[in-house]
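Below: the structure, in structure tokens.
Below, chains carry the letters A, B, ... as their sequence lines are ordered, and counting in each starts from 1.
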Amino acid sequence: DAGVTQSPTHLIKTRGQQVTLRCSPKSGHDTVSWYQQALGQGPQFIFQYYEEEERQRGNFPDRFSGHQFPNYSSELNVNALLLGDSALYLCASSLWDGGDEQFFGPGTRLTVL
Amino acid sequence: GEDVEQSLFLSVREGDSSVINCTYTDSSSTYLYWYKQEPGAGLQLLTYIFSNMDMKQDQRLTVLLNKKDKHLSLRIADTQTGDSAIYFCAEAYYGNNRLAFGKGNQVVVIP
């Protein structure tokens with residue numbers, strides 16, 4: 001049973017570019033949340049998807065957008081990249097109903113030059 | 001609001017017990033979590049406690065919750081070198097799956 005998977009592992013972009021990160025939740029989970037973890041900090045909640053809709057959003061600008069597919073996998077898109085977007089992006093999966101456990105993927109390390 | 005605080009660094013000898021502390025401020029929390037992060041890796045869920053409980057034990061891990069002081073602790077018995085990592089406490093925000101994390105506590109185990 002595969003856990004949460006994310007791709008790519010590492011990514012290098014330049015300022016102004018756009019990036020798409022991908023996540024497949026743990027088998028049986030229907031909810032995907034995205035977090036940004038800057039170096040030396042705890043993860044910060046970006047947004048959460050359930051039934052292909054954004055259900056909650058943290059304090060992130062509209063440059064951050066996402067999508068959830070019918071198979072529950074999800075994408076995180078960031079437009080007009082800034083140097084400050086360099087971070088580890090983590091995906092977490094859970095169950096919408098009774099989801100007391102959240103499992104994280106290994107993350108995508110994004111470096112913006 | 002969501003404001004989770006943790007101390008930053010702990011050094012412990014192999015075989016000793018480690019205690020990591022965390023305070024939270026959101027009184028509407030329902031679950032409180034402990035995650036472990038090894039260098040370059042994602043977050044591993046270690047254990048969690050429901051906010052109506054005082055204590056939970058899971059093998060070498062003991063979680064204590066003091067609701068009055070909004071204080072959460074994680075005790076690791078018989079600490080091993082593989083326990084060297086950063087430990088994050090997190091709380092569920094408004095009873096849903098949105099997690100608010102502390103800044104983490106780095107634990108270094110000395111052989």
Side-chain angles (χ1 to χ4, degrees), chain A residues 2-7 9-10 21 23-26 29-51 54-60 68 72 74 87-109 111, chain B residues 1-9 20-26 28-53 56 58 63 65 72 74 85-106:
Chain A
V4 182
T5 60
Q6 291 186 245
S7 64
T9 307
H10 295 88
L21 310 182
C23 170
S24 290
K26 180 179 165 63
H29 282 182
D30 55 13
T31 302
V32 173
S33 302
W34 287 92
Y35 293 79
Q36 180 195 65
Q37 186 179 21
L39 199 61
Q41 301 295 315
Q44 297 291 314
F45 176 80
I46 303 174
F47 45 51
Q48 180 183 82
Y49 278 84
Y50 168 68
E51 288 189 334
E54 182 182 293
R55 299 291 176 162
Q56 298 183 75
R57 189 177 184 92
N59 188 25
F60 280 81
Q68 187 179 34
Y72 308 119
S74 176
L88 180 68
Y89 288 85
L90 295 162
C91 166
S93 82
S94 57
L95 278 170
W96 183 256
D97 287 328
D100 51 354
E101 293 184 342
Q102 287 199 57
F103 295 94
F104 283 78
T108 294
R109 172 73 62 188
T111 301
Chain B
E2 46 187 61
D3 191 4
V4 181
E5 295 186 7
Q6 291 184 252
S7 51
L8 296 179
F9 182 83
I20 308 165
N21 297 299
C22 170
T23 59
Y24 62 99
T25 59
D26 196 325
S28 62
S29 299
T30 53
Y31 289 99
L32 294 139
Y33 301 81
W34 283 103
Y35 283 89
K36 175 184 179 183
Q37 187 174 39
E38 296 182 72
L43 298 173
Q44 176 191 354
L45 176 62
L46 291 176
T47 187
Y48 60 97
I49 190 168
F50 192 61
S51 56
N52 68 353
M53 297 169 64
K56 179 179 179 181
D58 185 359
V63 179
L65 179 60
L72 179 74
L74 174 69
I86 299 176
Y87 291 81
F88 292 96
C89 67
E91 57 182 331
Y93 189 62
Y94 291 145
N96 57 34
N97 291 343
R98 172 176 176 170
L99 294 174
F101 285 86
K103 291 186 177 180
N105 186 313
Q106 183 169 9

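A:Gln6 does not touch chain B: none of its heavy atoms, backbone or side chain, sits under 4.5 Å away. In this structure, the portion of B:Tyr35 lying under 4.5 Å from any heavy atom of chain A is its side chain and not its backbone. With a 4.5 angstrom heavy-atom cutoff, B:Gln37 touches chain A only via side-chain atoms. For B:Leu45, the part sitting under 4.5 Å from any heavy atom of chain A is the side chain, from C-beta outward, and nothing else.
With A:Ser93 as reference, A:His29 is the one residue of A:Glu101, A:Lys26, A:Gln102, A:His29 to meet the side-chain hydrogen bond (donor to acceptor under 3.5 Å, both in side chains) rule.
Between B:Tyr33 and B:Tyr31, the angle of the ring planes lies from 30° to 60°, which puts this pair in the tilted group. Ring-plane geometry between B:Phe101 and A:Tyr35 is classed as perpendicular, the angle between the planes exceeding 60 degrees on a 0 to 90 degree scale with a lower cut at 30.
The choice from B:Gly42, B:Gly102, B:Ala90 that makes the most heavy-atom pairs within less than 4.5 Å of chain A is B:Gly42. Comparing A:Pro43, A:Gly40, A:Gly105 by how many heavy-atom pairs each has under 4.5 Å with chain B, the most go to A:Pro43.
Two residues are said to be in side-chain contact when any heavy atoms from C-beta on lie closer than 4.5 Å; A:Cys91 and A:Val32 meet this criterion. Contact annotation: the side chain of B:Trp34 approaches that of B:Cys22 to within less than 4.5 Å [non-hydrogen atoms, C-beta and beyond].
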